[in-house]
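Source: prediction; values computed, not measured.
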Amino acid sequence: MSEQQPHLYLVDGSSYIFRAYHRLPPLTNRHGQPAGAVYGYTTMLWKLADSLNKGDGPTHMAVILDASESTFRNELYDQYKAHRPPPPEDLVPQFPLIRVATRAFSIPCIEEAGLEADDIIACYVTAAKAAGWKVTIVSSDKDLMQLIEDGRVDMLDTMNDRRITEATVQEKFGVGPELVGDVLALMGDSVDNVPGVPGIGPKTATQLIQQFGNLEKVLASTDQISKPKLKQNLIDHADDARLSRELVRLVCDSKLPEPLEDLALKGIPKEPLAAFLEDQGFKTLLARLNGTGATGRSSSGGGINDVMAATAPTPPSEPEVIAVDRSAYETVTDEGALDRWIAEATTQGYVALDTETDCIDCIIAKLVGVSLALGPNKACYIPVGHSGGDLLSEAPSQLPAQLVLDKLRPLLENEAVLKIGHNLKYDWVMFDKVGICVAPFDDTMLMSFDLDAGRSLAGHGLDELAKQHFDHECLAFKTICGTGAKQITFDKVPLDKATEYAAEDADITLRLWKRLKPRIAAEAASTVYERVDRPLVPVIGRMERRGVKVDRDYLAQLSRDFATEIASLEERVYEAACGPFTIGSPQQLGQVLYERLGLKGGRKGKSGAYSTDVNELERLAGEGVDCARLVLDWRQLTKLKTTYTDALQAQINPETGRVHTSFSLSGAQTGRLSSNDPNLQNIPIRTELGRKIRDAFVAEPGYQLLSADYSQIELRLAAHMADVPQLKEAFREGADIHNRTAEELFGSTDRDSRNKAKTVNFAILYGISSWGLAGRLGVPKDEGQAIISRYFERFPGIRNYMDETLAFVRANGFTRTLFGRKTHFTNIRSPNPSIRGGAERAAINAPIQGTSADLIKRAMARMDRALVDAGLEGVRMLLQVHDELVFEVPDGREEEAAAVIKRVMSDAAEPALKLDVPLDVEVGWGAHWGAAH
DNA sequence: TAGCTCACG
DNA sequence: GACGTACGTGAGCTAC
């Protein structure tokens, strides 16, 4: 042979990573993400690719992956792989990295919808054999053993460097590769849920096939089987065995996704591999690539140690409790001490930090000091912006701010040092303002939120967590800075007091991290923490810094208009009420309506006061009570004026001319963001008058405001999660969902039916009750009950979803979203039916609302990269309103931006999840927010 | 500071 | 049989 025979290596990527995961320690990469399996995979791939043309090494190579959950096998048997447990939480984020790693080696990564990796491998084996090539399948999957053929096809188990040949198959199954499928069909497979025949395991299966020759002969020879139980099982489950035979049969005649020739291996090009290794922090491998590291076979062991050293070590699971000793903290005021702390932090590989400023609003705050912590009671405070306590005293001696920042920068940006903060978004913005990008980082507030959302009634503030986890009372800000009119800013605090306060925060943060970090993986919170919430910190930080432009003059004019109208309404209210009173006082209003005017039907709340909410006033107005109608109008206008047109003007930052809200990542139990100072998530839209306020939110000259919102996202998720075929179909067809519900419920889609159906649909999302629904629909409660019964009858999936969700939360105390986010419900077993009922309704809603929140967060985390990749770096994400994202887009780039934004939002579930419903996104733009809808 | 009311999804 | 609530937020106002 003048030319070498081609030798194709087919790597079964999916199966490899599972095994690597279980056999390697739980390493983390430079970003603090789990990466043990990726590391194992990388070294394996390297070793294979490196043996190009050596001995029995590859000339061609491809990695084969599973593309989709569902294949033709599910058509054949709907229970196929139905009971497979979800992969471990800290493995999930490693799946996408497999593709990245493979691409880094410039090796094709092949996957095909509807086919499992095993089938694609079988197709390539068939084609390669036909071309006269040799094939090695890199896997140890028993199903693939059917393909082995000595001299042409073998398998390689890289975990123990073992070649699998016909002899190995004979040893394992007692039959040749061509009969492996028959043996598998009899024994079944509990992992893939292939039924097989009950009572038959590997031993019996082999023995039967050996005795009778093949599966069909076994099934035809039951009369010769003496054991009565076995005989009966074979007769009863003959069809299961035949079904199983089809399930384990590999497809080998499908079209190749990539032609054989394209799989030629060309050695290992240095790029992009170097970039990948660098990114992951696989330093030994990187050194090896650069020809400076350990050679050859020692790389595996050395590499693992190296990964450990390059990243923060996993903290001990039971951190020792050491009493907080504030006198141990150090005030750093000279360069030598600062250098010492930075050097030690760099060596240690992790450091907790906290910034002190003169203002709670990080957008306008000035840096006053930075604290660092390296261990319990081992913490320091570096003042940089303290002034004297009053006009007469001088500023204390401290290092210049610029010097400290210059020295801190290498540490804060060092990819090998993990920065740990509590509510790190604040610190991230503070450093971003001076051009320092803090990374990598952990945020103990987010960790606490992702572990314990709903567990404690209050939030996830540091002081509170210190009390909860360490029974420690932090020095309160109040005792340092005072309160009310006498409150001073932190820069006025004497250094000794400031050190105690600031260093304690860093100290507690580090202690908290040591306690929470091990729980993240152990309690299956790593996917949400690492893939959803943590990546959002810089994304939100940038949005807050950008702010949104608000037209002050326009708002001022609106305020004046409203004021005139309010004054006129006031007069008319007094007239109708036979005398002046404080309209804004519900108490006085109640007395006026039900006592002075003697109106009937006053409903009293639990405090004994008359209810004067919008429902009551609407009712009275409907009965022709002018006063009620006037008060309603008055309320709407005063609300708009005080909460929006007046307050918003005061919120405009004089330097930027824009309004900078603060988004809270841990504010809402369900995983939603919340917005405050000011809240930009409740700007009016529902009434025409209110909508005018939206017009005050404008784009910078040369830009347009673009709004993209998910259409009916919660109902879509409910249709998917509760598996309601009619609703899923309606969404796939783009039909009007409320009409479709109306048809099912009332057999008609007239206006009234549609409105009722809409109310019912929302009632479902919020945890339905017949009383609540009846009240809201304004029908007798037995009719409400009838509608609900009808709903459950037409959509049985809904009832199952509710039953299952409630059973789960009662058993576990928490619910989970599709992405695994937990929300705890401490009241779910309350003996008080009202409290318990509330918890139940919230628990039914949480997975839906929470999954929607996860989805838009995933889209946000990917958005900037997608825009940059599309050459749209001028597009800026400004606001999030639960199912809507608002952007500022350069004039003329609207269409392009809309396409990218739409795609990122619609695909937000993938690749982690395949939804049964499309996620439609509606996009609009204009000079102001009001015109973008 | 609590409770009411109301703006949003 | 009685519940008298739709789920999740934040903010401004009045009255205590």
Side-chain angles (χ1 to χ4, degrees), chain A residues 453-454 459 581-590 603-617 631-632 634-648 650-651 661-664 666-687 689-691 693-694 709-715 718 759-777 781 784 788 815 823 825 832-850 852-853 856 879-885:
Chain A
F581 66 101
T582 309
I583 308 174
S585 163
Q587 194 191 43
Q588 291 190 33
L589 177 63
R603 186 165 57 82
K604 288 196 178 180
K606 52 176 169 250
S607 57
Y610 293 107
S611 168
T612 65
D613 67 14
V614 69
N615 294 319
E616 287 301 302
L617 295 187
V631 169
L632 280 170
W634 181 90
R635 275 196 183 157
Q636 188 192 7
L637 279 164
T638 50
K639 174 81 176 179
L640 293 178
K641 180 169 184 295
T642 56
T643 309
Y644 299 105
T645 57
D646 291 351
L648 225 38
Q651 290 279 358
T661 184
S662 171
F663 288 102
S664 167
S666 58
Q669 315 263 321
T670 52
R672 273 190 177 181
L673 300 183
S674 70
S675 156
N676 56 44
D677 296 311
N679 183 355
L680 295 186
Q681 291 182 321
N682 71 346
I683 301 302
I685 192 170
R686 293 177 186 170
T687 66
L689 205 56
R691 281 178 97 102
I693 290 162
R694 293 223 160 198
D709 68 288
Y710 283 113
S711 151
Q712 305 279 17
I713 187 163
E714 292 195 2
L715 272 177
T759 301
V760 179
N761 276 332
F762 281 105
I764 295 299
L765 298 180
Y766 298 148
I768 198 166
S769 86
S770 51
W771 269 269
L773 180 66
R776 199 146 276 244
L777 285 176
K781 60 184 176 219
I788 291 170
T815 60
T823 304
F825 294 89
N832 179 330
S834 175
I835 291 175
R836 191 175 62 242
E840 287 173 352
R841 291 191 300 275
I844 285 168
N845 177 253
I848 299 168
Q849 187 181 119
S852 159
I856 196 164
L879 298 175
Q880 188 251 42
V881 194
H882 309 310
D883 63 359
E884 174 189 11
L885 293 175

*Of all the nucleotides listed (C:dA6, C:dG8, B:dT5), which has the minimum atom distance to the side chain of A:Arg776?*
C:dA6

*Using atom CD of A:Glu616 as one end and atom C1' of B:dC6 as the other, report the distance to the nearest whole Å.*
16 Å

*Across the strands shown, which category fits A:Leu765 at heavy-atom distances under 4.0 angstrom: base, sugar-phosphate, nothing?*
nothing

*With a non-hydrogen cut-off below 4.0 angstrom, is A:Asn682 in contact with a base, only sugar-phosphate, or nothing?*
base

*Compare the minimum distances between each of C:dG8, B:dA7, C:dA11 and the side chain of A:Pro684, then state the nucleotide with the smallest one.*
B:dA7

_Need one value for A:Ala763: base, sugar-phosphate or nothing, where a base atom within 4.0 Å counts as base even if backbone is also close, heavy atoms only._
base

_So if I take every side-chain heavy atom of A:Gln669 and compare against C:dC7, C:dT9, B:dT5, which nucleotide ends up nearest?_
C:dT9

*Between atom CD1 in A:Ile835 and atom P in C:dT5, what is the gap in whole Å?*
14 Å

_Pairwise salt bridge (Lys or Arg N to Asp or Glu O under 4.0 Å) hits with a residue in residues 760-776 of chain A, at least two apart_ = none

*A:Thr759, nearest nucleotide to its side chain (from C:dA6, B:dA7, C:dT14)*: C:dA6

*Under the side-chain contact (heavy atoms from CB on, under 4.5 Å) rule, collect the residues that match up with A:Asn676, sequence neighbours excluded.*
A:Ser662

*For atom P, what is the distance between B:dA7 and C:dC3, given to the nearest Å?*
31 Å

*For A:Ile685, answer base if it contacts any base atom (sugar-phosphate contacts may also be present), sugar-phosphate if it contacts only those atoms, and nothing otherwise; contact means non-hydrogen atoms under 4.0 Å.*
sugar-phosphate

*For A:Leu589 and C:dA15, what is the distance between atoms CG and P respectively, to the nearest whole Å?*
11 Å

*Listed in order of residue number, which residues of residues 636-648 of chain A have a non-hydrogen atom at under 4.0 Å from DNA chain C?*
A:Lys639, A:Thr642, A:Thr643, A:Ala647

_Show, in sequence, the C-alpha distance, side-chain angles and deciding distance for A:Thr670 and A:Thr815, and conclude whether the side chain to side chain contact (heavy atoms under 4.5 Å, CB included) test is met._
CA-CA 10 Å; A:Thr670 52; A:Thr815 60; over 6 Å; no

*4.5 Å side-chain heavy-atom contact, A:Gln712 and A:Asn761*: no

*Figure out the CD1/P separation between A:Ile764 and C:dT5, and round it to whole Å.*
20 Å

*asked:* Please pick, from C:dA6, C:dA11, B:dC8, the nucleotide with the shortest atom-to-atom distance to any side-chain atom of A:Tyr766.
replied: C:dA6

*Return the value, rounded to whole Å, for the distance between atom CG of A:Asn832 and atom C1' of C:dC3.*
10 Å

*asked:* What's A:Gly767 touching, base or sugar-phosphate or nothing? Going by heavy atoms closer than 4.0 Å.
replied: nothing

*Hey, are the side chains of A:Leu637 and A:Thr645 touching, using non-hydrogen atoms and a 4.5 Å cut-off?*
no

_From C:dA6, C:dA15, C:dC7, nucleotide with atom closest to A:Ser585 side chain_ = C:dA15

*Distance (rounded to the nearest 0.5 Å) between A:Leu617 CG and A:Arg635 CZ*: 5.0 Å

*asked:* Within the 4.0 Å heavy-atom criterion, would you say A:Gln587 contacts the bases, only the backbone, or no part of the nucleic acid?
replied: sugar-phosphate

*For A:Asp677, answer base if it contacts any base atom (sugar-phosphate contacts may also be present), sugar-phosphate if it contacts only those atoms, and nothing otherwise; contact means non-hydrogen atoms under 4.0 Å.*
sugar-phosphate

*Report yes if at least one side-chain N or O of A:Gln588 is closer than 4.0 Å to OP1 or OP2 of C:dA15; otherwise report no.*
yes

*Determine the minimum heavy-atom distance between A:Leu648 and A:Pro678, stating which atoms define it.*
CD1-CG, 4.0 Å

*Taking for each residue the nucleotide of DNA chain C bearing the nearest heavy atom, is the 5' side occupied by A:Pro833 or by A:Asn845?*
A:Pro833

*asked:* Is there a side-chain contact between A:Pro684 and A:Tyr644 in this structure, where contact means two heavy atoms from C-beta onward sitting under 4.5 Å apart?
replied: yes

*Do A:Leu632 and A:Gln636 touch side chain to side chain, with heavy atoms closer than 4.5 Å?*
no

_A:Leu673 CG to C:dT9 P, straight-line distance once rounded to whole Å_ = 12 Å

*Is there a side-chain polar atom (N or O) of A:Thr612 under 4.0 Å from OP1 or OP2 of B:dT5?*
yes

*Does A:Ser674 place a side-chain N or O at less than 4.0 Å from the phosphate oxygens OP1/OP2 of C:dG10?*
yes

_C1' gap between C:dA2 and B:dC6, integer Å_ = 30 Å

_A:Tyr610 and A:Leu589, any side-chain heavy atoms less than 4.5 Å apart_ = no

Cut-off 3.5 Å, no hydrogens considered: what does the side-chain donor-acceptor table look like for residues 833-840 of chain A, sequence neighbours left out?
| from | atom 1 | to | atom 2 | distance (Å) |
| --- | --- | --- | --- | --- |
| A:Arg836 | NH1 | A:Ser830 | O | 2.8 |
| A:Glu840 | OE2 | A:Arg810 | NH2 | 3.0 |

*Would you please confirm or rule out a distance under 4.0 Å between OP1 or OP2 of B:dG9 and any side-chain N or O of A:Gln880?*
no

*Take atom NZ of A:Lys781 and atom C1' of C:dA6, then tell me their distance rounded to the nearest Å.*
17 Å

*Please list, chain by chain and in numerical order, all residues satisfying side-chain contact (heavy atoms from CB on, under 4.5 Å) with A:Pro586, sequence neighbours excluded.*
A:Thr612

*Quick one: stems for DNA chain C, with Watson-Crick or G-U pairs under 3.5 Å, at least three in a row?*
B:1-9 with C:7-15

*For B:dC6, does OP1 or OP2 lie under 4.0 Å from any side-chain N or O of A:Arg686?*
no

_Integer-rounded Å distance: B:dA7 P and A:Asn676 CG_ = 20 Å

*Given B:dC6, is OP1 or OP2 found less than 4.0 Å from the side-chain N or O atoms of A:Arg635?*
yes

_A:Arg841 side chain near C:dT5 phosphate (N/O to OP1/OP2, under 4.0 Å)_ = no

